[in-house]
Protein chains: 2
Amino acid sequence: MLSFTEENYLKALLHITLEVEHKNEAGTNELASYLGVKPATATDMLKKLKDKKLISYEKYGKISLSDSGRNKAIEILRKHRLWETFLYEKLDFTWDEVHEVAEQLEHIQSQKLVDKLDKFLGFPEYDPHGDAIPNAKGELKPSFKKTLSEAEEGTTCRMVAVKDNTVSFLKYVSQLDLGINTHIQVLARQPYDGSMEILINDSKITVSQKFAENILIV
Amino acid sequence: MLSFTEENYLKALLHITLEVEHKNEAGTNELASYLGVKPATATDMLKKLKDKKLISYEKYGKISLSDSGRNKAIEILRKHRLWETFLYEKLDFTWDEVHEVAEQLEHIQSQKLVDKLDKFLGFPEYDPHGDAIPNAKGELKPSFKKTLSEAEEGTTCRMVAVKDNTVSFLKYVSQLDLGINTHIQVLARQPYDGSMEILINDSKITVSQKFAENILIV
DNA sequence: AAATTAAATTAGGTTTATCTAACTTTTATT
DNA sequence: AATAAAAGTTAGATAAACCTAATTTAATTT
């Protein structure tokens, strides 16, 4: 059983090593500053994580997650994103409020809880930020986060999140009956200004390029 | 902000002092054994809780919760019972599984989460064990836990929990279409063997005294 | 290549929550 | 009331997670 702190270190390492494609390693200072602790503190913990075979690491060297460390980290990420989805979809939290609470909820230990929550939410693939949720096997879909403005003419996509969190934008979004998981069919794009004609819920509407750039789709 | 451990001490004190009517105080050993720690450990924590004005306590004397300590403890109890209700009603946990997970969930810090969860659950008054859930103001309804066998003839009550958790009992309960919040009208009681004629969901059925003794009502 | 800067580690200290062992106070029993 | 038993406290240790200050190693620059 890992402590909250150990879990947070693993999660931080997953985040850092995933941030830059094919980087796959982190430095002590980088990790420490990400977690808001001093490098000396991180060094201590790194020794411990190495002893537990959760990372591979040599003195003065780079850090990378071992297979078991990565699996653990992905489990935590899965919980985090499932809870964010729960808070957003079931409890009406706003996009910006979910993260802080999910930071706490992700540490609850109960396999049954995770699985049942997943089922309760309908096995969602993306969280309210448009990030992929690892499934029960720990498979993490590469999160092809595209904006609606990048969608091809004639294709159908699904809205997974918004980029802009301003009140005026969100009001506009809900006015159009757009929400997470709404299917959007791209009918045409105007070459002049990039505005798009789209079909949602059987009604045809036109949105500006600026608007389309703030809708994340899959 | 209290630590998990401090919260657990307060919760334990609430539990002990509430267990016996009008007792309202606890001893060090009693508290320690309830929490599974050594008396010496409890003594240390009691000093700390006293400094924080959460309990009133003198060396070698009895312990009781201060007003602010009791409020804190009731908040935690509220969270515990709301989460148990959530796990039971929304995630299909069984009666016996909810406690352990709720022990963890009760420590999540977010007023908004508690309030929204409460609303999501429809402001429940009783948890799956039939215990009263403190409301947002911290008001804890005296939990008149009665069994169906104690209900007066001619009255209508509401099922809040079961006492027996065996599979055979639970199967029987669900077979009869009985569940939490089911309304039960007591039609008649047979003086000979205590069996009861009751009305649930517009159908008249007869249950044994043994059965009625294991259904908790309000 | 030497010198400087940046990155990382070590040593020693703090706080929280726990322990054991020894001691003190209170309560109960004879 | 004296003594034994029970209840509670103190002192000193430990482990986890953090810190600062000093030191060492690695990387960069001239």
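Quick caveat, the model's predicted, so the values are computed rather than measured. Order of the sequence lines sets the chain letters (A, B, ...), proteins ahead of strands, with each chain counted from 1.
At most 12 heavy atoms of other shown residues, nucleotides or ligands fall within 6.0 angstrom of atom CD in Glu100(B).
When the P atom of dT16(C) is taken as reference, atom CG of Leu46(B) falls 16 Å away, rounded to whole Å. Between the NZ atom of Lys62(B) and the P atom of dT26(C) there is a distance of 13 Å, rounded to whole Å. dA7(D) atom P lies 15 Å from atom OH of Tyr57(B), rounded to whole Å. We find that CE of Met45(A) is positioned 17 Å from C1' of dT10(C), with the value rounded to whole Å.
Side-chain atoms of Val37(A) lie closest to dC19(D) of the nucleotides dC19(D), dT18(C), dT25(C). Of the candidates dC19(C), dT9(D), dC19(D), dC19(C) carries the atom nearest the Thr41(B) side chain, counting heavy atoms from C-beta on. Of all nucleotides listed (dT10(D), dC18(D), dT10(C)), dT10(D) comes nearest to the side chain of Lys47(B). Closest to the side chain of Asp44(A), from the set dC19(C), dG8(D), dC19(D), is dC19(D).
Less than 4.0 Å separates DNA chain C from at least one heavy atom of each of the following residues of residues 27-34 of chain A: Gly27(A), Thr28(A), Asn29(A).
One finds no salt bridge joining Arg189(B) and Glu152(B) here, because no Lys/Arg side-chain nitrogen approaches an Asp/Glu carboxylate oxygen to under 4.0 Å. Between Glu103(A) and Lys11(A) there is a salt bridge, since at least one side-chain N of the basic residue sits less than 4.0 Å from a carboxylate O of the acidic one.
Centroid-to-centroid, the aromatic rings of Phe93(A) and Phe86(A) stay 6.0 Å apart or farther. Between His99(A) and His80(A), the ring center distance clears the sub-6.0 Å criterion.
Side-chain nitrogen and oxygen atoms of Tyr9(A) include at least one within less than 4.0 Å of the OP1 or OP2 phosphate oxygen of dC18(D). Not one side-chain nitrogen or oxygen of Lys59(A) sits closer than 4.0 Å to the OP1 or OP2 atom of dT24(D).
Contacts of Phe4(B) with the nucleic acid, taken as non-hydrogen atoms under 4.0 Å apart, are absent. Within the nucleic acid shown, Thr5(A) comes within 4.0 Å of sugar-phosphate atoms alone, with no base atom in reach, counting heavy atoms only.
For the pair Lys90(A) and Phe120(A), the cation-pi criterion (under 6.0 Å, within 45° of the ring axis) is fulfilled.
A distance of 13.0 Å separates OG1 in Thr43(A) from NZ in Lys38(A), rounded to the nearest 0.5 Å.
If you find the closest nucleotide of DNA chain D to Tyr60(A) and to Lys38(A), the one lying nearer the 5' end belongs to Lys38(A).
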